[in-house]
Every structure is written in structure tokens, then in C-alpha cells.
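Chain letters run A, B, ... following the sequence lines, proteins first and then strands; every chain starts at 1. Predicted model only: the values in this text are computed from it and were never measured.
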Amino acid sequence: MQEQYIPADVEAEAQQYWDANQSFKVVEDRSKEKFYCLAMFPYPSGKLHMGHVRNYTITDVITRYQRMQGKNVLHPMGWDAFGLPAENAAIKHNTAPAKWTYSNTDHMRTQLKQLGFGFDWSRELTTCKPEYYKWEQWFFTRLFEKGLVYKKMSTVNWDPVDQTVLANEQVIDGRGWRSGALVERKEIPQWFIKITAYAEELINDLDKLPNWPEQVKTMQRNWIGKSRGLDMHFDLAVPVGEFTGFDIYTTRPDTIMGVTYVSLAAEHPIAKLLAETNPKLTQFIADCKVQSVAEADMATMEKAGMDTGIKALHPITGEPVSVWVANYVLMDYGSGAVMAVPAHDQRDYEFAKRYGIAIAQVIAPAASSAEKIDLAKAAFIEKGVLVNSGEYDGLDFNAAFDAIAGTLEMADKGQVKTNYRLRDWGVSRQRYWGAPIPMYNLPEGGEIAVPAHKLPVLLPEDVVMNGVQSPIKADLEWRKAELNGRVVEKETDTFDTFMESSWYYARYTCPNFEGGMLDKAAADYWLPVDQYVGGIEHAILHLLYARFFHKLMRDEGLVTCDEPFERLLCQGMVLKDGTKMSKSKGNTVDPEELINQYGADTVRLFSMFAAPPEQSMEWSDSGVAGGHRFLQRLWRAVEGHINAGKPGKLDAANLPQAQKDLRRKTHETIAKVSDDFGRRQTFNTAIAATMELMNEVSKLSDRANLQGLAVEREALETAILLLAPIVPHISQSLWKALGHKQIPLNESWPKLDESALTRSTIEVVIQVNGKMRGKLDAAIDSPKDILEQLALEQENVQKFLEGVTVRKIIVVPNKLVSIVAN
RNA sequence: GCCCGAGUGGUGAAAUCGGUAGACACAACAGAUUUAAAAUCUGUCGACCAUUGGUCAUGCCGGUUCAAUUCCGGCCUCGGGCACCA
């Protein structure tokens with residue numbers, strides 16, 4: 001074997017071997033248990049960053065570990081290739097988005113190979129290719145036929161100078177990022193998919209995912225936001241044009257007697273109609289439109305409103321209440337109107353204080369509650385007992401809900417309703433670099449789906465980007481189409497890129513299938529994904545859309561299971577300067593330099609060692625060198641061992657104590673690392689445990705005799721196999737140097753020898769009044785009374801028992817004795 | 001603003017089911033080796049006091065417990081998401 005560890009040589013050799021032997025290519029094989037391990041595919045932004053390295057190292061470690069468990073492991077890779085950055089780069093570099101994208105995927109593919117990730121490259125997907133998006137278009141037309149797709153007016157950010165729609169990211173402090181103009185809200189017709197039709201199933205099936213982080217399930221539950229409330233109708237005192245009233249939804253019907261005003265969205269039809277004859281209101285509505293549509297902006301902006309002067313009639317008392325138009329009420333949510341109860345809603349409270357509207361208390365803290373109410377300072381938002389509510393006085397929330405719902409239902413003015421916060425998925429984008437929405441617009445209005453034989457609707461790749469208008473919107477020729485002799489026009493909006501990432505995991509099972517969206521046999525063999533790994537930033541949107549799409553595909557008969565991802569690991573963010581690394585922030589760290597300096601194994605080792613995978617980590621280069629030194633020590637240890645001669649056959653029963661200790665450490669490490677890789681998925685502690693083993697090897701090994709060499713051989717071989725998923729290149733070289741014909745990837749995971757774990761004594765800690773005052777070595781499984789006695793005999797313990805009486809002794813076998821005394 | 005997390009030595013972290021706080025590393029310092037440096041090896045390494053040992057210490061305040069980094073309540077700071085960044 002080479003005396004020196006030269007990563008470049010070691011890694012080239014291993015990678016060539018995997019390439020030549022197609023080590024990671026898999027096919028359906030019913031004789032083996034399958035394991036589908038998937039990493040969230042990258043957006044091809046140019047170069048890999050440390051977040052990618054972390055993500056793909058995790059899946060590669062799991063892939064190789066499962067492979068060594070004897071499973072048939074699928075680990076695919078591809079490119080989430082449509083998206084906004086390609087358009088920006090194309091403008092900047094005067095090229096076409098397609099060209100830029102393909103050159104990035106070529107470069108990043110090379111980088112992924114350099115890192116030694118075991119992907120089945122025969123399944124590589126690129127979402128901007130027609131072979132992929134054709135099926136997405138086809139599926140959309142199926143959803144359209146099923147009535148799960150519709151078109152409606154919806155609000156976008158509008159840059160009045162550039163005359164273009166802006167993404168939320170392109171709105172900075174309320175202004176367009178290029179023009180600097182104040183952004184306006186604009187309503188345009190857009191396509192939606194009815195995710196709300198699946199809200200109930202999406203929330204319920206979270207309970208079928210025991211191997212998802214609780215945190216992610218909670219976020220999704222809150223996002224879907226199921227609530228029980230009341231739809232209510234308010235009549236207008238005097239009709240406004242054709243409108244005699246409007247609907248609102250509330251989850252707090254118990255507060256209805258405290259309603260002192262109602263608010264309409266600026267885009268509400270009643271508000272619009274009133275504005276026609278009210279110039280002040282026209283101005284106010286215009287002012288409301290100057291702001292971004294992002295929810296965070298809506299929630300943090302200053303609340304403003306204007307009294308319209310008209311009155312609505314309280315649905316129970318018939319009393320008139322004033323009707324306001326408010327900037328925080330959104331037309332896209334619910335009915336675009338809300339009832340306001342200043343005494344019991346903090347936002348309404350602040351609004352009422354600002355505009356001098358009455359604050360009427362109708363809820364008092366329950367007798368049993370410690371809550372305090374002080375309406376001079378803040379709203380009381382807890383549930384309690386009704387007061388000042390006439391016949392409902394004294395009722396608690398549930399009783400009041402039922403009574404008030406009953407009254408309103410009888411009067412035909414209200415109805416109990418389950419509502420969801422979740423809104424239908426708007427999939428239209430007014431951008432070029434996306435999959436064209438497969439619809440024909442008819443000259444007389446209306447639209448029809450592009451029939452299957454006309455799919456895909458191809459996106460031209462050879463275009464010039466001017467930065468303002470989408471090339472397909474500008475291209476009148478492209479828009480032209482005919483259907484059965486009729487002249488029609490192609491839709492020029494493209495799909496949200498979440499569409500592509502919502503089903504790629506399924507397409508990996510049959511990436512080259514031409515007969516349909518999915519090959520059912522392949523999909524049924526591989527799905528669900530056994531392990532999905534990706535950034536926590538995708539906890540809601542991507543993971544919810546993918547779950548939704550899976551259910552849509554199931555109902556189309558394309559897949560069989562109910563959920564796409566059996567187990568989920570959300571890696572923490574790799575932060576730089578305390579914030580998310582991203583191209584737009586320009587704070588990415590390029591792993592390439594580190595690979596050149598130390599090799600891929602060191603980069604992989606360090607990225608796994610630095611922190612547990614779910615924790616966010618602040619990137620720093622220091623520490624990488626330490627990982628490299630560990631690999632060098634490992635190399636030297638194996639080299640020294642080989643030079644020391646051939647070991648004898650291990651006689652485990654007749655070893656000196658030091659050698660027994662080393663064997664025990666070896667097998668304890670197998671147990672620890674197996675648990676860390678399989679159940680816990682804490683790769684940092686697995687590495688630490690292996691480092692401990694190597695430290696013990698250097699302390700305890702005895703190369704002077706054949707038995708000592710045999711024990712050392714066992715320890716070193718174990719360490720190599722345990723590390724093989726993390727540092728596959730060096731492991732492969734060292735394994736070969738030790739005379740093995742197979743590569744570690746194709747070896748079985750090390751077997752635990754329970755008999756090596758036995759020990760005769762164990763350290764027991766002694767506490768007096770909760771503080772550690774001594775330790776003792778006791779025979780394993782010593783009875784409680786013996787441990788108590790031994791503990792009380794200890795000199796230091798006695799010192800702390802002087803002058804006090806022992807009240808109680810708690811013994812935790814093989815662990816601790818706790819003495820309570822005073 | 002709302003939802004979800006996180007906070008432990010100079011640094012990254014460990015403590016898995018409430019039981020020894022700081023495993024394993026990085027950095028630093030000291031020593032060995034070297035003409036010298038690098039590399040390597042050995043040792044020290046939370047703070048304060050001290051003599052073996054003790055006191056304090058896991059963001060802050062409080063609670064439960066024989067025992068709390070771990071459970072509960074309230075706060076602070078930082079990070080992620082908020083539907084057109086992916």
C-alpha cells in the first residue's frame with residue numbers, strides 16, 4: 001500500500017471503479033428488499049454550495065448504509081431546472097435561460113461526481129426538458145377535465161414602470177427591484193388547482209406519518225388551519241346598487257354581541273361600487289393598492305381604514321353597525337369581509353382605538369381562570385363567559401357557539417362551517433422559463449385544454465431576454481395554434497416551478513417511460529420514498545404540494561400508496577454570516593476549493609461531523625483540517641498494522657485484559673454507530689464514536705504477538721466499514737490494502753458480538769442532596785442494599801452526612817445512588 | 001404580525017427515557033522531536049476559590065422533582081416559513 005494518503009489518487013481510483021462497474025445502477029429486483037433514498041434535487045444555480053454538500057452527503061451515507069444492510073437501494077439525482085434565476089442570469093450574461101441552465105447542470109454534475117455521491121445517473125431528470133414537462137401538462141389537462149382546475153382573478157405585485165409582474169422576492173421595501181417604482185397590487189386572471197378539496201385528507205394523513213418530524217407536521221397542520229366557525233350574513237341598512245348584504249366568516253360567534261363595526265377589503269365589490277360616487281373612498285382604495293401582496297408585509301404594515309358611511313344590520317339585534325374599508329382585509333381570503341370585535345381581538349382593538357370606534361366587552365374571564373381583563377390596555381382574547389349579551393349571558397364558549405349558531409340558522413342568517421386557512425394553489429406565472437400551461441384561449445372567450453395528441457406545448461429555448469416581457473408573450477407567431485380547423489391562442493403563462501418538484505420523486509422510478517406519466521409497475525415497486533432528505537425551508541410549501549400531487553396521482557390510478565414520503569429528515573440550514581446561504585445574498589461557500597485542498601472524503605467527513613443534521617450550522621472553514629488529520633491517522637494506523645505482520649486467528653476467550661477492553665470498544669462502537677446511522681440519524685456522534693475507537697486502538701493495541709494483531713485487525717476493519725458510508729474513497733483503498741476482494745459497499749455491515757460487550761464492574765455515581773459526592777466501582781447488577789451500603793461507606797460521602805439525618809436513599813441500578821439528608 | 005425551531009466552554013458540539021454537564025473535535029498554550037519551520041507525538045484547557053476538595057455554571061426569571069441542558073409557565077435574542085426565491 002501507498003505510504004502516503006493522497007486523496008486525489010484514492011478518490012479518482014474509487015470513482016473510476018464505481019463508474020466502470022455501474023455500482024449505483026439499480027433495477028427492480030423482487031428478491032431484495034427495496035429502499036428508496038431521495039435528496040431534494042437542486043436548482044442548477046451554477047455551483048454546488050455547502051447546503052448541497054450537506055444534503056447529498058446525508059443521503060449518500062444512508063444509501064451506502066442501507067446497501068450494506070443488503071437492500072436494493074435507489075438513490076437518484078436530477079435538476080429542478082425551471083425558475084426565475086435563469087431568466088435573470090440570461091439577461092445579465094446576454095444568453096438564453098436554457099443555455100445557462102444546461103451549462104450549470106453539466107458543471108454541477110461533475111462536482112457531484114467529484115464528491116463521490118452514489119447516484120444512479122441513468123435516471124437523471126431535468127425538469128425543463130419536454131420529455132418531463134409533457135406529462136405534467138398532460139396531468140394538468142386531466143385535472144381540468146375532472147373539475148379540479150379553475151381560472152379566477154387574483155392579485156399580483158405589479159411594477160407600474162416596467163409594466164411587469166414581480167415575484168415577492170423582487171419587491172424590496174415595497175418597490176420594484178429594477179425600476180424602484182412603488183409596487184401596486186393588480187388583479188389578473190390566473191389558473192388554480194383545488195388543493196382545498198384535499199385539505200381534510202392532507203391534514204388527517206399527517207397522522208399516518210410517524211417518521212416525520214413533529215415540527216414539520218405541526219407547521220403543516222397550522223398552515224392548513226382547520227377551524228370550526230360560522231358563516232354569517234349581514235344585511236345592508238340601505239342596498240348599494242344590486243348588493244343587499246354580504247357574508248363574513250368567524251371562529252368566534254360567541255363574541256357577536258360585541259361587534260361594533262365590519263370591514264370590507266379594498267377590492268370588495270361593495271367597496272368598489274361605493275367608490276364610484278365617493279372620491280375620498282376612491283383615493284383610499286387606490287392607496288390600499290400600493291403595497292406588496294406578501295402576507296408578512298400585509299401583517300406588519302400600518303392598519304388603515306375608512307368609514308364608508310353606510311351601515312350594516314347586526315344579524316341578531318338588527319342594530320346598525322358602521323361599514324369600513326380596511327387595508328388589512330384581503331379579497332383573496334374568505335369572503336373579503338370581516339366582523340370586528342374590538343374588545344376581544346387585538347387587531348380590531350388597535351383599529352378601534354385609532355379611529356375612536358366603540359369597544360364593547362361581551363366576554364369575561366371564566367371564574368376558574370386566572371386571566372385578567374383590562375380593556376384600557378388590550379383586548380381580552382381568551383375564551384370565557386358571555387356578558388352584556390342578552391339571552392346568551394353566562395354561557396361558555398361552546399354553549400354560546402351552539403346557541404348563537406342555532407339562532408342564526410333559524411333566521412337563515414348563518415350556518416356552521418368548517419373552514420381552512422389553506423387557499424387554492426395558484427399555478428400561473430407570467431414568466432418565460434417554465435412549462436407552458438397547456439390551455440387554448442378561444443377567440444370568443446373561455447378556454448379549452450390542449451388535447452393529449454398536441455402535447456407537449458413546447459417552450460422555445462432559443463430566445464432573447466430583454467428583461468421586461470416574456471419571449472413567448474412577445475412572440476405572436478408562437479401564440480398561434482389551431483384545433484380542428486379553429487383558430488385558437490396558446491396560453492402564454494407558465495407553471496409555478498413547484499409543479500415540477502411535486503412529482504419528480506415518482507418519475508425517478510421510470511424516468512424514460514414514454515407510455516405515460518408513470519410506469520405503474522415501477523412506481524409501485526419503488527414508492528413510497530423510504531427516506532426523503534432536504535432543507536427545513538421546504539417544510540410547508542414543497543412538501544405539502546408534493547403530498548397533494550401524490551394524492552392526485554393516486555386518484556388518477558398512477559400510484560397506489562397514500563403518501564409519497566415514508567420518513568423525512570429535515571436538515572438544518574447551512575448559514576453564513578448568520579443567514580441562509582443563497583445566490584441572491586451572495587454569501588455562498590464554494591466547496592470546490594476544499595475538495596482540491598483536502599479531498600472529497602474530508603469535506604464529507606467534516607460536513608457530517610460539524611453538527612447533527614437537523615441543526616442549522618454556521619459555516620466555518622476551521623475544523624476541516626482536523627477531519628483531514630483524522631483520515632491521515634487512520635491511513636497510518638492501517639499501514640503500520642499491515643507492516644507489523646499477519647495476524648493470527650482470533651481466540652476471543654483467551655485474551656489479556658487490555659485486548660478484551662479493545663474488543664469491547666470495537667463492538668460497543670458497532671452498536672453505537674449502527675444505532676446512530678439507522679434510528680437516530682446523528683452522523684456526528686457516529687464519527688465521534690469511531691474516533692474514540694481509533695484512540696483506543698492506538699492506546700491498547702499490541703503488535704508484538706499474533707493475538708494482539710488479530711484484535712487490532714478486527715478493530716481496524718470495523719472502523720473502516722463503519723466509516724465507509726461517510727468516507728467511501730479512503731475506506732475502499734484501505735479495505736483493499738487489507739486484502740479484501742470486495743469493495744466495502746458490497747460487504748455486509750459489521751456484526752455485533754454480544755459476548756464481547758460483557759463487563760464485570762460498572763461505575764456508580766453517588767449523590768448527596770442532588771450533588772455528585774463520589775463514585776464507586778461496583779459489580780454489575782449489584783443489589784440495591786449493597787450499593788446503598790457501599791455508598792454510605794465512602795469517605796467523601798460521610799463528610800457530607802455529618803450532623804444530618806439520612807431521610808431517603810434512591811438507587812438506580814448500575815447507575816446511581818442518591819442520598820437525601822437534612 | 002402569525003406559525004415552527006434554536007440558544008451549553010475561546011469555537012463546533014455531547015449528554016439517546018429526568019440521573020456524573022462539556023464525550024469527540026477545533027483553536028490556544030506548554031513540552032518532546034527538529035539547525036529551524038512544517039508535520040508528528042505527549043500534556044493542560046468552563047469560571048472562581050483552594051490543600052484532597054469546594055462554589056458557581058447549559059440565554060433570562062420562576063415552578064415541579066431526591067435529581068432539570070432535558071418537564072411546565074413567562075420573557076429575551078437569533079434562525080426558518082408566510083402561498084410569485086427555490
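Between A:R429 and the phosphate of B:A86, there is no side-chain N or O to OP1/OP2 separation shorter than 4.0 Å. Distances shorter than 4.0 Å separate none of the side-chain N or O atoms of A:R633 from OP1 or OP2 on B:U40. Residue A:N695 has no polar side-chain atom (N or O) positioned under 4.0 Å from OP1 or OP2 of B:C24. One finds no side-chain N or O of A:S616 lying less than 4.0 angstrom from the OP1 or OP2 phosphate oxygen of B:G79. Here A:R773 reaches the OP1 or OP2 of B:G54: one of its side-chain N or O atoms lies under 4.0 Å away. At the phosphate of B:C56, OP1 or OP2 sits under 4.0 Å from a side-chain N or O atom of A:K771. The phosphate of B:U20 has neither OP1 nor OP2 within less than 4.0 Å of any side-chain N or O from A:K775.
Contact annotation for A:T690: no contact, since no heavy-atom pair falls under 4.0 Å across all strands. At the heavy-atom level, A:Q430 lies under 4.0 Å from base atoms of the strands shown. Nucleic acid contact for A:P612: sugar-phosphate only, since backbone atoms but no base atoms lie under 4.0 Å from a heavy atom of the residue. Counting any heavy atom pair closer than 4.0 Å across all strands shown, A:R629 reaches sugar-phosphate atoms only and no base atom. Nucleic acid contact for A:V156: base, since at least one base atom lies under 4.0 Å from a heavy atom of the residue. Looking at heavy-atom distances under 4.0 Å, A:A539 makes no contact with the nucleic acid at all. Among the protein residues, A:E500 comes within range of no part of the nucleic acid, since none of its heavy atoms lies under 4.0 Å from any strand.
Taking syn as a glycosidic angle within 90° of 0, B:C61 does not qualify and is anti. Using a 90° window around 0 for the glycosidic torsion, B:G81 falls outside it and is classed as anti.
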Secondary structure of RNA chain B in dot-bracket form (Watson-Crick or G-U wobble, distances below 3.5 Å, | marking inter-strand pairs)
(((((((..(((......[....))).(((((.......))))).((((...))))..(((((..]....))))))))))))....
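Spacing between atom CD1 of A:I766 and atom C1' of B:C66 amounts to 15 Å, rounded to whole angstrom units. One can place OH of A:Y598 at 12 Å from P of B:C26, the figure rounded to the nearest angstrom. Per the geometry, CE belonging to A:M691 stands 11 Å off P belonging to B:C24, to the nearest Å. Atom CD1 of A:I536 and atom P of B:G5 are 9 Å apart (whole Å). The nearest whole Å value for the distance from the CG atom in A:N684 to the P atom in B:A23 is 15 Å. Regarding A:K665, its NZ atom lies at a distance of 9 Å from the C1' atom of B:A23, rounded to whole Å. Here B:U52 presents its C1' atom at 9 Å from CD of A:E795, a figure rounded to the nearest Å. When rounded to the nearest whole Å, the span between CZ of A:F630 and C1' of B:A39 equals 18 Å.
Other residues, nucleotides and ligands contribute only 12 or fewer heavy atoms inside 6.0 Å of the NZ atom of A:K815. Residue A:E3 qualifies as open at atom CD: its count of foreign heavy atoms under 6.0 Å is 12 or below.
The shortest heavy-atom contact between A:D159 and A:G176 is OD2-CA, 3.8 Å.
Here B:G53 is the nucleotide among B:U16, B:G53, B:A86 with the atom lying nearest to any side-chain atom of A:N796. Set against B:A86, B:A83, B:G19, the side chain of A:L422 has B:A83 as its closest nucleotide. For A:E537, taking side-chain heavy atoms from C-beta onward, the closest of the listed nucleotides B:G81, B:C85, B:A15 is B:G81. Comparing B:U40, B:C24, B:C85 against the side chain of A:Q632 picks out B:U40 as the nearest. Of the candidate nucleotides B:G80, B:U20, B:G1, B:U20 has the atom lying nearest to any side-chain atom of A:Q767. Listed candidates were B:A25, B:A15, B:G80. Nearest to the side chain of A:F609 is B:A25. Picking from B:G19, B:C82, B:G1 the nucleotide with the shortest atom distance to the side chain of A:L541 gives B:C82. The side chain of A:R636 sits closest to B:U40 out of B:C82, B:A14, B:U40. Ranking B:G1, B:A83, B:G53 by closeness to the A:T300 side chain, first place goes to B:G1. Minimum atom distance to the side chain of A:A299 is reached by B:G1, of the listed B:C85, B:C4, B:G1.
Comparing B:A32 with B:C76, their C1' atoms are spaced 50 Å from each other, to the whole Å. Comparing the same atom, P, in B:G46 and in B:U34 gives a spacing of 32 Å after rounding to whole Å. Taking atom P on both B:U69 and B:G9, the two are 14 Å apart, rounded to the nearest angstrom. B:U44 and B:U58 are spaced 24 Å apart, taking the C1' atom of each and rounding to whole Å. When the C1' atom is compared between B:A13 and B:A6, the two are found 14 Å apart, to the nearest whole Å. Distance check on atom P: B:A21 versus B:C26 gives 26 Å, rounded to whole Å. Nucleotides B:G31 and B:G22 are separated by 28 Å at their P atoms, to the nearest Å. Using atom C1' as the reference point in both B:G12 and B:A27, the two lie 11 Å apart (nearest Å).
Taking 3.5 Å as the limit, the base of B:U16 and the side chain of A:R679 contain a donor-acceptor pair of atoms between them. Taking 3.5 Å as the limit, the base of B:U16 and the side chain of A:K672 contain a donor-acceptor pair of atoms between them.
A:W79 and A:Y504 form no side-chain donor-acceptor contact under 3.5 Å, judged by distance and modelled atom types alone. Side-chain polar atoms of A:D424 and A:Y150 form a donor-acceptor pair below 3.5 angstrom. A:D676 and A:T685 share a side-chain donor-acceptor pair at under 3.5 Å.
Contacts of A:R185 classified as salt bridge (charged side-chain N to carboxylate O under 4.0 Å, His left out), with partners at least two apart in sequence or in another chain: A:E267. Qualifying side chain to side chain donor-acceptor pair (under 3.5 Å) partners for A:N643, counting only residues two or more places apart in sequence or in other chains: none.
Each of A:T494, A:D493, A:T164 was checked for a side-chain hydrogen bond (donor to acceptor under 3.5 Å, both in side chains) with A:Q430, and the lone residue meeting it is A:D493.
Checked against a 6.0 Å centroid threshold, the rings of A:Y133 and A:F82 count as neighbours.
Between A:F800 and A:A611, the residue anchored nearer the 5' end of RNA chain B, judged by the nucleotide with its closest heavy atom, is A:A611. Residues A:Y545 and A:G623 each lie close to RNA chain B; by heavy-atom proximity, the contact nearer the 5' end of the strand is made by A:G623.
Put simply, CH2 on A:W191 and NZ on A:K151 are 5.5 Å apart, with the number rounded to the nearest 0.5 Å.
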Between A:W503 and A:Y132, does the ring-ring contact (aromatic ring centres under 6.0 Å, His included) criterion hold? Intermediate values first, please.
CA-CA 10 Å; A:W503 68 286; A:Y132 184 80; 4.3 Å; yes
